[in-house]
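Report on the structure given below.
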Amino acid sequence: MRRAYARLYAQAALSIAEKEIDDLVSPNNLTSYAEDDRLHNELPFQLYPVLALVALSIYEYCQCGNVSRMRTRANQAITTAMDLGLHRLDTNASEAHRRAWWSASYKYQ
C-alpha cells in the first residue's frame with residue numbers, strides 16, 4: 001500500500017512539474033502561488049519544477065529501481081534548468097539558483 005501511495009504522489013508531482021514547465025515557457029505565465037504555498041522564502045518559483053524533477057529522478061532509481069525513468073527525469077531536470085538559463089549563471093546569481101543548477105547537472109560532472 002505504501003508503494004502504491006508513493007507512486008500516486010510521484011505521478012501527481014510529475015504532472016504538476018510538467019504543467020509548471022509549460023507555464024514557464026508560455027508567453028503569459030499564469031502560474032501563481034499563494035504565500036503559504038512557498039517551499040522556502042528565498043526559493044524562486046521557477047526553480048520548483050527543476051527541483052521536483054531531480055527528486056523524482058532519485059525516487060525512480062532508489063524506490064523503483066528503474067534506471068531508464070531515472071535518466072528521463074534527470075534529463076528533463078537539466079533541460080529545464082538550461083531553459084531557465086541556469087547554466088549561464090554569473091557571480092551575482094543567488095545561492096538557490098546555483099544549488100538548483102548543481103542538483104540538476106551533478107550527474108554530468
Side-chain angles (χ1 to χ4, degrees):
M1 184 185 237
R2 184 186 62 80
R3 281 186 181 260
Y5 277 114
R7 190 80 197 127
L8 181 67
Y9 288 131
Q11 288 171 342
L14 179 61
S15 70
I16 290 169
E18 287 176 341
K19 181 190 175 306
E20 289 180 0
I21 291 167
D22 291 342
D23 288 349
L24 283 173
V25 297
S26 74
N28 50 353
N29 190 353
L30 301 175
T31 303
S32 62
Y33 294 90
E35 273 303 305
D36 47 334
D37 287 345
R38 297 187 71 145
L39 294 175
H40 189 278
N41 289 338
E42 296 179 24
L43 183 61
F45 295 126
Q46 75 251 26
L47 298 181
Y48 286 12
V50 174
L51 298 176
L53 289 166
V54 168
L56 286 168
S57 172
I58 295 167
Y59 165 80
E60 292 293 355
Y61 181 72
C62 295
Q63 184 68 30
C64 303
N66 192 325
V67 176
S68 177
R69 276 200 303 240
M70 182 256 330
R71 274 194 314 266
T72 300
R73 302 294 170 254
N75 287 335
Q76 285 176 307
I78 197 162
T79 301
T80 303
M82 291 178 80
D83 288 346
L84 294 173
L86 298 183
H87 63 296
R88 291 182 269 125
L89 295 175
D90 60 8
T91 56
N92 297 327
S94 73
E95 186 67 18
H97 285 87
R98 291 180 193 285
R99 288 178 184 231
W101 172 245
W102 182 86
S103 297
S105 67
Y106 180 74
K107 145 184 165 173
Y108 297 99
Q109 295 177 5

Passing option when Arg73 is tested against Leu14, Asn66, Val54 for side chain to side chain contact (heavy atoms under 4.5 Å, CB included) = Leu14
Give, for atom [atom1] of [X] and atom [atom2] of [Y], the distance between the pair rounded to the nearest 0.5 Å.
{"X": "Gln46", "Y": "Leu51", "atom1": "CD", "atom2": "CG", "result": "10.5 Å"}
{"X": "Ser57", "Y": "Arg71", "atom1": "OG", "atom2": "CZ", "result": "10.0 Å"}
{"X": "Ser103", "Y": "Ile58", "atom1": "OG", "atom2": "CD1", "result": "8.0 Å"}
{"X": "Ser68", "Y": "Glu60", "atom1": "OG", "atom2": "CD", "result": "9.5 Å"}
{"X": "Asp83", "Y": "Gln76", "atom1": "CG", "atom2": "CD", "result": "11.5 Å"}

inquiry  = Show me the pairs that pass side-chain hydrogen bond (donor to acceptor under 3.5 Å, both in side chains) and involve residues 86-96, at least two apart or across chains.
reply    = Ser94-His97, Glu95-Arg99
Side chains of [X] and [Y]: closer than 4.5 Å at any heavy-atom pair?
{"X": "Arg7", "Y": "Gln63", "value": "no"}
{"X": "Trp101", "Y": "Val50", "value": "no"}
{"X": "Ile21", "Y": "Leu53", "value": "yes"}

ask   = Taking all atoms of both residues into account, what is the closest heavy-atom pair of Ala17 and Pro49, and its distance?
value = O-CB, 3.8 Å
query = Considering residues at least two apart in sequence or located in another chain, which fulfil the side chain to side chain contact (heavy atoms under 4.5 Å, CB included) criterion with Tyr61?
reply = Val67, Met70
ask   = Which word best sums up how the rings of Trp102 and Tyr106 line up, parallel for under 30°, tilted for 30 to 60°, or perpendicular for over 60°?
value = tilted
Single-linkage hydrophobic cluster Met82~Phe45, side-chain heavy atoms < 4.5 angstrom = yes
ask   = If Ile, Leu, Val, Met, Phe, Trp and Tyr residues are connected whenever their side-chain heavy atoms lie under 4.5 Å apart, and connections chain through other members, are Ile78 and Leu89 in the same group?
value = yes
